[in-house]
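Comments concern the structure below.
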Amino acid sequence: MSKIIDGKELAKKVRLELKDEVEKLKKDENIHPKLAVIMVGSDPASQIYVRNKSKACDEIGIEFEEFLLDENTTQKELLDLIDKLNENEKVNGILLQSPIPKNLDINEAFRRISPEKDVDGFNPVNVGKLTLGQKGFVSCTPFGVIKMLEEYNIDIEGKNAVVLGRSNIVGKPMSQCLLNKNATVTICHSKTKNINDITKNADIIVAAIGKKEFVKGDMVKEGAVVIDVGINRGEDGKLKGDVDFEEVSKKASYITPVPGGVGPMTIAMLMTNVVKAAKDQNK
Ligand code: NAP
């Protein structure tokens, strides 16, 4: 049976450490970290994500301001708001909640967020820094996965790591993070042939494809570490990952559950990035 990587517990620990740090920053250095979140439209899932981020900020003592723009917002209005937040010295982190309406260019918006305030790590400057192995903001989900592996003392160096999915927000930065930690990385996507043959050789599998219980027991090597990023709704309404937990947990040495695995870590790492932004901007 696998050991469970408890993302909920670890995220709690990270948040408590941040709370202490924020208290000290306020008291000793008059630094008051602040996150601004922009949401365009009223996507129900996004509303939940934004609420969770706001709750985490409250708990840690990070100031939080939400900017709700309606669906008819123009690209210029969105960029003007980003410009204003870039210039506002009280705002340390800016997050544009995706998705945004299709008529808007999200990539241009990500480019417009100042790299110093880009706590989601989606600005090409930060993506480039990650690729070059330089310090910058790392996208929160991959950052959280690496933190989990490190906290559980799981070796990454020299391991065969297989990342399922190549999205800009998870798969690609995840692969880069693992490569930066000296893993030998293979990326699989929807055009990859014989995925089973590839995953069966993996010491570490990170599944981020958005297909419910895609990774089955026979795709996993005995003793592999399996990280499940996927969030899918089952027919019963319950959350399911990209990994068939029941089958895979019989073979993996470590596994993350869904819920309670990568999800809570993503928010904890966002909070970490906001505090880092506040400190860097006040140097
Ligand atoms: P995405 O943008 O839809 O990307 C999915 C990726 O999976 C694509 O690269 C796609 O390949 C690949 N793929 C799809 N079907 C496949 C298949 N049958 N075999 C192999 N590869 C396949 O999704 P995402 O934004 O990266 O998110 C992935 C999952 O993670 C979703 O369930 C999402 O909800 C979840 N997520 C969780 C968190 C968290 O905090 N826990 C954060 C972000 C996302 P192509 O490129 O060829 O299309």
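Every number for a ligand or one of its atoms is a count from 1 in the order of the listing.
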Under a 3.5 Å distance rule, please check whether Gln281 uses its side chain to pair with a backbone N or O of Asn92 as donor and acceptor. yes
May I ask you to check whether over 12 heavy atoms, not counting those of Lys8, lie within 6.0 Å of atom NZ? no
Which residue from Gly241, Ser190, Pro259 reaches closest to atom 10 (C) of ligand 1 through any of its heavy atoms? Ser190
Test the Lys53-Phe64 pair against the cation-pi criterion, namely NZ or CZ under 6.0 angstrom from the six-membered ring centroid and within 45° of the ring axis. no
Relative to the heavy atoms of Gly263, which atoms of ligand 1 are at a distance of less than 4.0 Å? 40 (O), 41 (N)
Per-atom contacts of ligand 1 with Thr266, taking only distances under 4.0 Å to non-hydrogen atoms: 39 (C), 40 (O)
Identity and separation of the nearest protein heavy atom to atom 35 (C) of ligand 1: Val229 O, 3.5 Å
Report yes or no: does Thr192 have a heavy atom closer than 4.0 Å to ligand 1? no
Output yes when the distance from some N or O of ligand 1 to some N or O of Lys191 is under 3.5 Å, and no in every other case. no
Do any N/O atoms on Asp242 end up under 3.5 angstrom from N/O atoms on ligand 1? no
Is the backbone of Phe122 close enough, under 3.5 Å, to the side chain of Asn126 for a donor and an acceptor to pair up by distance? no
State the atoms of ligand 1, each with its element, that fall below the 4.0 Å cut-off from a heavy-atom position in Val170. 26 (O), 43 (C), 44 (C)
Could you tell me whether ligand 1 has any atom less than 4.0 Å away from a heavy atom of Ile195? yes
Using a 4.0 Å cut-off to any heavy atom of Gly210, which atoms of ligand 1 qualify? 28 (C), 29 (C), 31 (C), 32 (O)
Starting from the C-alpha separation in whole Å, work towards a yes-or-no answer on salt bridge (charged side-chain N to carboxylate O under 4.0 Å, His left out) for Asp244 and Lys216. CA-CA 5 Å; Asp244 186 326; Lys216 299 289 180 192; 3.1 Å; yes
Give the single entry among Gly7, Gly165, Ala207, Gly144 that approaches atom 6 (C) of ligand 1 most closely by any heavy atom. Gly165
Run the salt bridge (charged side-chain N to carboxylate O under 4.0 Å, His left out) test on Glu157 and Lys181 for me, step by step, so that the C-alpha distance in whole Å, both residues' side-chain angles and the decisive distance to 0.1 Å come before the verdict. CA-CA 6 Å; Glu157 185 162 310; Lys181 295 277 174 193; over 6 Å; no
Suppose I only count heavy atoms of Lys211 and a 4.0 Å limit; which atoms of ligand 1 are within that range? 15 (N)
Verdict with reasoning, Glu235 to Lys212, per salt bridge (charged side-chain N to carboxylate O under 4.0 Å, His left out): CA-CA 10 Å; Glu235 291 86 47; Lys212 182 167 73 84; 3.5 Å; yes
Same cluster or not: are Val127 and Met174 linked, directly or through other Ile, Leu, Val, Met, Phe, Trp or Tyr residues, by side-chain heavy atoms under 4.5 angstrom apart? no
So with a 6.0 Å cut-off around NZ of Lys19, is the heavy-atom count from everything else above 12? no
Measure from the side-chain N and O atoms of Thr141 to the backbone N and O of Val170, and report whether any donor-acceptor pair falls under 3.5 Å. no
Is there a donor-acceptor contact under 3.5 Å from the side chain of Thr192 to the main chain of Ile195? no
among protein heavy atoms, the one nearest atom 12 (C) of ligand 1 is Ile209 CG2, 3.8 Å
Heavy-atom distance from atom 3 (O) of ligand 1 to the protein below 4.0 Å? no
Where is the nearest protein heavy atom to atom 1 (P) of ligand 1: which residue, which atom, and how far? Ser167 CB, 4.1 Å
In this structure, does ligand 1 have an atom that sits under 4.0 Å from one of the heavy atoms of Gly171? no
Protein heavy atom at shortest distance from atom 9 (O) of ligand 1: Arg166 N, 2.8 Å
Under 4.0 Å from a heavy atom of Ile169: which atoms of ligand 1 are those, numbered in the order shown and with their elements? 25 (O)
